[in-house]
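None of these values were measured; they are calculated from a predicted model.
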Amino acid sequence: MHLELSEIPEQGLTIERTLDRLESGTDDGDEAGRELLARPATLVAEARPGKRGVDLAGRIVAWVRLECSRCLEPYERRFEVDFSLVLAPRPARVSADEHRLDPAEAALFHTEEGRADLRALVREQLHLGLPLKPICRPECAGLCPTCGANRNDLECRCHGESQT
């Protein structure tokens, strides 16, 4: 699913897309294979030609599959992510001396051959919005540190024992 940047008129373009599937890794194979979406996601955005490329602002609404960091059980959570990016051509090879990120570059989403990969854009924006330690619910009791039992499902015999 791509957006051809040359087809965006001066007055702008409204983009509405639905994504049925989205793997959690990148398209080049990094962590690929795990389905990120629990249900189809929607992308609604406005694209307008700008000074540095194409200005793209919009919202992604998605139900995402996560794993609780306390009990390790899978769960689903709804996310609404607002974003504002500049779609710009990927720069020529960056030298080793250029390692600092200019704050103005933080809002750039690089494109290849005049096309923006909307699937990669949605994946990136969802990953930026994910919590570092997702928790299925505030009262999640987690796993027993001794026997590994899920304390949401049962009370293990070692619960409360001190570890030596």
Side-chain angles (χ1 to χ4, degrees), residues 1-3 15-47 55-88 90-91 94 96-112 115-164:
M1 177 167 47
H2 291 86
L3 173 63
I15 301 160
E16 295 182 25
R17 301 285 197 285
T18 300
L19 287 87
D20 293 327
R21 296 187 39 83
L22 187 65
E23 291 183 352
S24 62
T26 61
D27 290 330
D28 59 6
D30 181 39
E31 294 183 34
R34 197 182 103 226
E35 178 61 35
L36 182 63
L37 298 178
R39 303 175 197 169
T42 59
L43 163 68
V44 178
E46 215 33 62
D55 296 329
L56 184 70
R59 172 175 274 207
I60 301 164
V61 178
W63 281 86
V64 177
R65 287 191 174 116
L66 298 170
E67 183 178 274
C68 180
S69 62
R70 288 184 186 165
C71 67
L72 303 181
E73 292 294 323
Y75 73 101
E76 298 175 3
R77 180 173 166 200
R78 185 175 193 262
F79 281 94
E80 291 187 24
V81 179
D82 293 319
F83 64 92
S84 181
L85 300 169
V86 176
L87 306 178
R90 185 171 305 281
V94 178
D97 295 339
E98 298 181 50
H99 61 276
R100 295 185 68 157
L101 180 65
D102 180 355
E105 293 177 7
L108 291 179
F109 184 83
H110 292 118
T111 62
E112 299 285 340
R115 297 169 29 148
D117 183 353
L118 295 178
R119 188 172 294 282
L121 185 145
V122 169
R123 180 185 304 114
E124 175 185 271
Q125 294 304 306
L126 286 176
H127 276 286
L128 289 171
L130 293 177
L132 292 177
K133 293 188 176 190
I135 298 175
C136 59
R137 59 187 186 277
E139 65 277 0
C140 177
L143 301 176
C144 172
T146 305
C147 71
N150 185 339
R151 294 188 294 193
N152 294 312
D153 297 336
L154 59 103
E155 188 71 29
C156 61
R157 293 183 301 187
C158 55
H159 182 68
E161 292 179 11
S162 61
Q163 296 180 357
T164 56

message: Taking the side chain as everything from C-beta on, heavy atoms only, tell me whether Pro145 gets closer than 4.5 Å to Arg151.
response: yes

statement: Looking only at heavy atoms, the pair that brings Ala45 and Phe83 closest together is CB-CZ, 4.1 Å

statement: Of all heavy-atom pairs linking Tyr75 and Pro134, the shortest is OH-CB, 3.1 Å

query: Which pair of non-hydrogen atoms, one from Gly148 and one from Leu143, has the smallest distance, and what is that distance?
result: O-CD2, 3.7 Å

query: Could you give the distance from CZ (Phe79) to CG (Leu130), rounded to the nearest 0.5 Å?
result: 5.0 Å

- prompt: Which atom pair, heavy atoms only, marks the closest approach of Cys140 to Asn152?
  reply: SG-ND2, 3.3 Å

Backbone N/O of Ile135 and side chain of Ser69: donor-acceptor pair under 3.5 Å: no

Donor-acceptor contact below 3.5 Å, side chain Thr18 vs main chain Thr42: no

- prompt: Quick one: are Leu87 and Leu121 in side-chain contact, heavy atoms under 4.5 Å?
  reply: yes

- prompt: Is Glu73 reaching over with its side chain to a backbone N or O of Glu67, donor-acceptor style, under 3.5 angstrom?
  reply: no

- prompt: Is any side-chain heavy atom of Leu126 closer than 4.5 Å to a side-chain heavy atom of Leu37?
  reply: yes

query: Looking only at heavy atoms, which two atoms of Ile15 and Ala47 are closest? And how far apart?
result: CD1-CB, 3.9 Å

query: For the side chain of Arg115 and the backbone of His2, is there at least one donor-acceptor N/O pair under 3.5 Å apart?
result: no

message: A side-chain contact here means heavy atoms from C-beta on lying under 4.5 Å apart; do Leu43 and Met1 qualify?
response: no

task: Return the minimal non-hydrogen interatomic distance between Cys71 and Cys136, and the atom names on each side.
output: SG-SG, 3.9 Å

field: Sole candidate of Gln125, Glu124, Arg123 that passes side-chain contact (heavy atoms from CB on, under 4.5 Å) when paired with His127
entry: Arg123

Donor-acceptor under 3.5 Å (Arg65 side chain, Glu76 main chain): no

statement: Here the gap from Glu35 atom CD to Glu23 atom CD, rounded to the nearest 0.5 Å, amounts to 6.5 Å

field: Heavy-atom check, side chain of Arg59 versus side chain of Asp82, under 4.5 Å
entry: yes

- request: Could you tell me whether the side chain of Arg70 and the main chain of Glu139 form a donor-acceptor pair under 3.5 Å?
  value: no

message: Quick check for you: to the nearest 0.5 Å, what is the distance between Thr111 atom OG1 and Leu3 atom CG?
response: 9.5 Å

